[in-house]
Amino acid sequence: MGRPHRSHARPDPRPAASRLRQRHAPVPYDPQHLFTIGGTDNGECLFWITDPQDAPDTWRIANEARGPRWFTFDGTLTQFLTSVLSGETTVPQFPKDLLEQATCFTSSDPTLWTPAQTPPRPPVASNTIREWARANGYQVPDGGRIAAAIREARERANPA
């Protein structure tokens with residue numbers, strides 16, 4: 001049996017319902033109410049049983065082992081983890097030596113990534129761009145829009 005691995009409370013890209021319908025073993029819960037919350041390295045899944053959907057504090061935990069063996073825990077995810085890791089609850093699908101190694105949790109990275117901000121460039125008057133363009137061999141009209149390629153060439157030639 002594999003060890004439970006880090007999980008993120010986000011849905012599996014393949015909905016549990018469609019995955020479970022492909023199996024020939026009976027599913028004791030409505031697959032539409034199973035939300036994948038984790039798994040083990042050998043393919044077992046942990047689910048929240050999301051029924052009733054509007055009462056997440058009452059959702060129970062189910063573990064399946066790709067067959068008819070399901071384990072249900074009547075409690076929250078925190079209660080489940082506490083109970084399993086304290087040795088109070090034994091999940092038949094989990095390895096018997098689960099608690100023999102040190103317990104550790106690796107949380108997901110809560111740091112939100114933000115792109116580096118490019119410093120704002122001060123606006124440049126159209127006449128200045130036209131003068132630069134003409135001095136550098138570009139043909140530009142006396143008025144109207146200046147082609148993006150010319151503006152970009154000037155920016156490359158005059159970095160901020």
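We number each residue from 1, following the sequence as shown. Here the structure is a predicted model, which means the values were calculated and not measured. As a basis for the values below, the full set of heavy atoms in this structure was taken, side chains included, without hydrogen atoms, waters or symmetry mates.
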Item to check | Test log, rule side chain to side chain contact (heavy atoms under 4.5 Å, CB included), inputs Val84 and Phe94 | outcome: CA-CA 10 Å; Val84 169; Phe94 285 179; 4.3 Å; yes
Checklist entry - Run the side chain to side chain contact (heavy atoms under 4.5 Å, CB included) check on Asp30 and Asp51 step by step: do they pass? => result CA-CA 9 Å; Asp30 179 351; Asp51 185 33; over 6 Å; no
Next on the checklist: The test is side chain to side chain contact (heavy atoms under 4.5 Å, CB included); show your working for Phe80 and Val91 and say whether it passes.
Outcome noted: CA-CA 10 Å; Phe80 171 73; Val91 179; 3.8 Å; yes
Checklist entry - side chain to side chain contact (heavy atoms under 4.5 Å, CB included) between Glu64 and Leu34: does it pass, once the steps are laid out? => result CA-CA 11 Å; Glu64 62 91 21; Leu34 295 176; over 6 Å; no
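Trp59 contributes a side-chain N or O that, together with a main-chain N or O of Pro52, makes up a donor-acceptor pair within less than 3.5 Å. For Ser86 (side chain) and Ser83 (main-chain N/O), a donor-acceptor pair under 3.5 Å exists by modelled atom type. A donor-acceptor contact shorter than 3.5 Å is absent between the side chain of Glu155 and the backbone of Glu152. Side-chain atoms of Gln93 come within 3.5 Å of backbone N or O of Arg69 as a donor-acceptor pair. Looking only at distances, no side-chain donor or acceptor of Arg134 sits under 3.5 Å from a matching main-chain atom of Gln139. Judged purely by atom type and a 3.5 angstrom limit, Thr50 uses its side chain to pair as donor or acceptor with the backbone of His33. Side-chain atoms of Asp74 do not come within 3.5 Å of backbone N or O of Arg60 as any donor-acceptor pair.
Residues Thr76 and Gln79 share a closest heavy-atom pair of N-OE1, 2.7 Å. Minimum interatomic distance between Ala153 and Tyr138 (heavy atoms only, all atoms of both residues): CB-OH, 3.3 Å. Of all non-hydrogen atoms in Ser126 and Arg151, the two that sit nearest each other are OG-NH2, 4.2 Å. When all heavy atoms of Cys45 and Asn63 are compared, the pair lying nearest together is O-ND2, 3.2 Å. Between Pro56 and Gln53, the shortest heavy-atom distance links the atoms CD-O, 4.2 Å. The shortest non-hydrogen separation linking Gly87 to Leu99 is CA-CD1, 3.5 Å.
The CZ atom of Phe35 sits 12.5 Å away from atom CG of Leu46, with the distance rounded to the nearest 0.5 Å. Thr128 OG1 to Arg154 CZ: the interatomic distance, rounded to the nearest 0.5 Å, is 6.5 Å. For the atom pair OG1 of Thr89 and CG of Leu81, the computed distance is 10.5 Å after rounding to the nearest 0.5 Å.
Remark: of the listed residues Thr36, Ile61, Thr72, Thr36 is the sole one forming a side chain to side chain contact (heavy atoms under 4.5 Å, CB included) with Phe47.
Note: Tyr29 and Trp70 have perpendicular aromatic rings, judged against thresholds of 30 and 60 degrees for the angle between ring planes.
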